[in-house]
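Data first, discussion second: the structure below is written as structure tokens.
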There are 2 protein chains.
Amino acid sequence: MFIISGKGTIIEKRPLARKLSAFVALSDAELSVLERLHKRRRTFVAGRDLVHQGQADQAAYILLSGWACSYKLLHDGQRQIVDFQIPGDFLGLRSVVLHVSDHSVEPVTDLEVTEVFAADLFEAFAQTPRLATALLWTASRDEAMVVEHLVGIGRRGAAERMAHFLLELGNRLTLVGLGSKAGYDCPLTQYLIADAIGLSAVHVNRVLRQLREDGLATFRDGHVTFDDYDKLAAFADFETSYLDQLGPLLK
Amino acid sequence: MFIISGKGTIIEKRPLARKLSAFVALSDAELSVLERLHKRRRTFVAGRDLVHQGQADQAAYILLSGWACSYKLLHDGQRQIVDFQIPGDFLGLRSVVLHVSDHSVEPVTDLEVTEVFAADLFEAFAQTPRLATALLWTASRDEAMVVEHLVGIGRRGAAERMAHFLLELGNRLTLVGLGSKAGYDCPLTQYLIADAIGLSAVHVNRVLRQLREDGLATFRDGHVTFDDYDKLAAFADFETSYLDQLGPLLK
DNA sequence: ACACCGGACTGATCGAGATCAGTCGACGAC
DNA sequence: GTCGTCGACTGATCTCGATCAGTCCGGTGT
């Protein structure tokens, strides 16, 4: 095990730093402020909620390893998964600002996170405004993703939706070193995907089969393979600009 | 014409101040910083886009009067309206942070706005951090609305979706003095509503008829009437908490 | 006075995806 | 070893909402 001493090592070990570094050249000072947020390490086991809809909570989390999902429950028991979180993502940032969580967060796999209290976060912002801007940028990017998700559910057919979903996840994972244009490991079940893209689990299965038979992508045994990345991207009308746009204030 | 001299008058004339004042007691100093943002008044005519998808722009707008909508276009010409903006709302705030707009904004009616450059906004934030927090709160609330919208399209049936849509708009309009539990004026066409809630215009019409015949709500001649507010809210499973939650840092 | 247009509205038909009702294989508990 | 469970997978049927193809009405321009 290494002691974190240099910039490179931090970026390697901290997916959040790595993600931000893809867009801003953060100074050593800024990286170390970021590093100091990672004080309180916690772990969660798969399936037990971190955050409950309606819960008043004061802490956000930075995801270090594992996958989570944020979702909303309807009165009739249906649920809509709003987004999945992967290493480097924040959990429950909006809950902190709005004081009460409007959604729940559940680990998909076992998780490692660092807990960040609102106060620590605001203090870090005060010390390094560029960091605050970088996080505002992350939040805006998250919102853009939700909007894109909305468009998908509202207007795209099931197969395009699925293709778009797989591509977006791939893109995000690549950014933190967990994926490539060839594919990525993916611990999601077909039920989880169904709840995310607004299909029934049955139909998810059929659509996956279709993508497989058309030679576009394969999802099997916890691994997504892009059989023909470009064809898949064309099929899904996948536009990456909402994902990898630089913040103007960060250049 | 009046000269704005007192707090009451500003709140009356500025829907944004009114909206924020429903959640934070802004001081006279804060209100006047807010007022000073309203320098550059502009008007737009219905139908001509303010912001184009893919456009690099530096200014955001505060809506003073009229309605707008933000939408995304798909390659095949379909569009998904992400949200409608009413007086007191920001237009294109996310575009400023991400540098490039990921969506377009079109006036539904003629508009009066004030144009705010990013620099002015950040300067105002530096002067009064509470104002920055208040706007962060607005942005979070907008995101919560998009999420709720996502849940609606993903999981609610057409009629509930419509009911929820009408109720949410009513709630938002009430906050700026343009609506009540009885109803509100609404310049939207059935085509616009269709593009927003992910239905065809034909089906919007049928669903509106159903709500009318069931004695829940009537939308006719540019006016929405809540015939039975409570029954409608129960039908739509309408939860207001995501709309009127206080920010904890603002109390 | 007439043509034209946009928005509300409607009936008939079609189709994507939900739902129902299963099978099958892997794996952990006892 | 077998029971129970969970996820992947499939065929048959049903249904919600899309699509097609109109009508009707109230402007507005000529």
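Computed over heavy atoms, backbone and side chain alike; hydrogens, waters and symmetry mates excluded.
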Would you call A:Asp142-A:Arg94 a salt bridge at under 4.0 Å N-O? no
Atom-pair distance (CG on B:Asp221; C1' on C:dG6), nearest Å: 15 Å
Could you check how far CG of A:Asp76 sits from P of C:dA18, rounded to whole Å? 15 Å
Length of the NE2-C1' vector between A:His223 and D:dG7, whole Å: 19 Å
C:dG6 P sits how many Å from B:Leu192 CG, rounded? 14 Å
In plain terms, say whether A:Glu148 and B:Lys72 are close enough for a salt bridge, that is, a side-chain N and a carboxylate O under 4.0 Å apart. yes
Heavy atoms, side chains only, cut-off 4.5 Å: are B:Ile193 and B:Phe219 in contact? yes
From A:Thr218 atom OG1 to A:Asp227 atom CG, the distance as rounded to the nearest 0.5 Å: 3.5 Å
At under 4.0 Å between heavy atoms, how does the protein contact nucleotides 8-27 of chain D? Give one character per nucleotide, 5' to 3', with B, S or -. SBBBB----BSBB-------
Assign the ring pair B:His164 / B:Phe238 to parallel, tilted or perpendicular, where the plane angle (0 to 90°) is split at 30° and 60°. perpendicular
Residues two or more places apart in sequence or in another chain: which of them pass ring pair (Phe, Tyr, Trp, His ring centres under 6.0 Å) with B:Phe90? none
